[in-house]
2 protein chains.
Amino acid sequence: MNTLSYGLLALLTRGPRSGYELMQQIQPIWQAKHSQIYPLLALMEKRGFVHYVPVAQKDKPDKKVYSITGEGLDALREWVPEPTGEPVKRDEMLLKTYCIGLIGSDQARRLFEDRIQMYRGKLEKYRRMIEELGSETETAVTEGHIEHPCFGSYILLKRAVANAQSDLDWCRWVLELIHLNHIGSVEK
Amino acid sequence: MNTLSYGLLALLTRGPRSGYELMQQIQPIWQAKHSQIYPLLALMEKRGFVHYVPVAQKDKPDKKVYSITGEGLDALREWVPEPTGEPVKRDEMLLKTYCIGLIGSDQARRLFEDRIQMYRGKLEKYRRMIEELGSETETAVTEGHIEHPCFGSYILLKRAVANAQSDLDWCRWVLELIHLNHIGSVEK
DNA sequence: TTAGTCATGTAAGTGGTTACATGATTAG
DNA sequence: CTAATCATGTAACCACTTACATGACTAA
């Protein structure tokens, strides 16, 4: 049982889902491909943490709809309060930033402009997702209704927005510095 | 040549370093253990991107001091302007947050308080590192001197501080929500 | 005397990505 | 007619972690 397994169990606490749906819904929280998820689900089923019912579909391939079992819920409840591992972040951009002086300021500008575009796209996506949760959810959560089924989703989205915004602001600040440098070198 | 290799090359643009020093200095930018770095350095040496001189030490084990070669610098200059891969973040805390309703509010509080402590520690560390760079560096960088040897380090530290601060603020906000919930349930 | 730092390496195992494989339906 | 979505799976590979291994010096 690795971290991803607990992530899948966490999603299943909201109701039954197919492997395909789990694969899509885990993405914003934990990046994983279907090739990692399908074998894991099979393993978890063998160990009794989840079970599935095959569902035949017309016009679409058949699917397996998974649910969390009592055992699975117990395991999840035990795991959540345990000491949390340090977050792991890997971003090529940090390495490139470290040696940004190696390339011309025009190329450097492109690099950061591309990043800004990426963060803008993410921010829009998150804002759409918050809208989808509805304003009733928003007021319920900000009043402290932890038991609301969307509590987790909402506060995670808030965090994602704050992170993207802070990284975007940083990119803009670096662009300003590059601009200052360019002006300085022209004046010479 | 994977991403970590370019990270090591990036560090070596600042001057020669031993494998051990590289291992320590890459940590804030890219997490990697010595067991991954030493074989990589050997491979990069075989391919001509770096070379080393063995340095004998008294009172300490001997070491290999690596430098970047012309070939290595060329490879790095080619890599930096290339399209940048999406950042990967994996944080157990997000999964736990998603199903925070499963545990009691006292346990939930502990989880977030521990995190706040972690971020506080990180922030202090980053602030010490910025201090070490010196206030002359700070003014030089904020005036846009990209060519300054500490430019990359400084702007990366600024980003790390902003990230930690935004995550810390989020944790505090979640604690407030948990507190609101607790008060609400007591009044009932 | 125990733990920590410096310093390098290998071996085994886990976690994660890419590619291979199939196949029907739908939208541009 | 091409690409995307739905849906599941396996195989090979790469990236990363943990554990094994050694050894001298230093500070609590």
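Every heavy atom of this structure was used, including side-chain atoms; hydrogens, water molecules and symmetry mates were not. All chains are named by letter (A, B, ...) in the order of the sequence lines, taking the proteins before the strands, and each is independently numbered beginning at 1.
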DNA chain C contacts among [range], heavy-atom distance under 4.0 Å:
| range | answer |
| --- | --- |
| residues 35-43 of chain A | A:S35, A:Q36 |
| residues 54-68 of chain B | B:Q57, B:K60, B:P61, B:D62, B:K63, B:K64 |
| residues 71-88 of chain A | none |

With sequence neighbours left out, what residues match [X] under side chain to side chain contact (heavy atoms under 4.5 Å, CB included)?
| X | answer |
| --- | --- |
| A:N2 | A:L4, A:S5, A:L40 |
| A:A160 | A:Y126 |
| A:E78 | none |
| B:S67 | B:P16, B:H51 |

- request: Can you sort out the partners of A:E138 under side-chain hydrogen bond (donor to acceptor under 3.5 Å, both in side chains), two or more places apart, ordered by chain and number?
  value: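 Applying side-chain hydrogen bond (donor to acceptor under 3.5 Å, both in side chains) to A:E138 gives A:Y154.
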
- prompt: How would you list, by chain and number, every residue that makes a side-chain hydrogen bond (donor to acceptor under 3.5 Å, both in side chains) with A:D169, sequence neighbours excluded?
  reply: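 Result, side-chain hydrogen bond (donor to acceptor under 3.5 Å, both in side chains) vs A:D169: A:Q165.
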
message: Is there a continuous path of hydrophobic side-chain contacts, each under 4.5 Å between heavy atoms, that joins B:M118 to A:V80?
response: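 Yes, B:M118 connects to A:V80 through the hydrophobic network.
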
query: Which pairs with one or both residues in residues 144-167 of chain A pass salt bridge (charged side-chain N to carboxylate O under 4.0 Å, His left out), sequence neighbours excluded?
result: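 Residue pairs passing salt bridge (charged side-chain N to carboxylate O under 4.0 Å, His left out), neighbours aside: A:R159-B:D91, A:R159-B:D167, A:D167-B:R159.
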
field: Closest to the B:N2 side chain, choosing from D:dT17, D:dG9, D:dA15
entry: D:dA15

query: What does the inter-axis angle of the helix from C:dT1-D:dA28 to C:dG28-D:dC1 come out as, five pairs per end, nearest 10 degrees?
result: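 Taking five pairs per end, the axes differ by 50°.
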
query: Reckon B:Q24 touches a base, only the sugar-phosphate, or nothing at all at heavy-atom distances under 4.0 Å?
result: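 The answer is sugar-phosphate, as B:Q24 gets under 4.0 Å only of primed atoms, P, OP1 or OP2.
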
For a quick test of your reading: what N or O donor-acceptor pairs under 3.5 Å do the side chains of residues 17-25 of chain A make, sequence neighbours left out?
unit_1: A:R17; atom_1: NE; unit_2: A:Q25; atom_2: OE1; d: 2.5
unit_1: A:R17; atom_1: NH1; unit_2: A:G15; atom_2: O; d: 3.0
unit_1: A:S18; atom_1: OG; unit_2: A:E21; atom_2: N; d: 3.1
unit_1: A:S18; atom_1: OG; unit_2: A:E21; atom_2: OE1; d: 3.4
unit_1: A:E21; atom_1: OE1; unit_2: A:S18; atom_2: N; d: 3.0

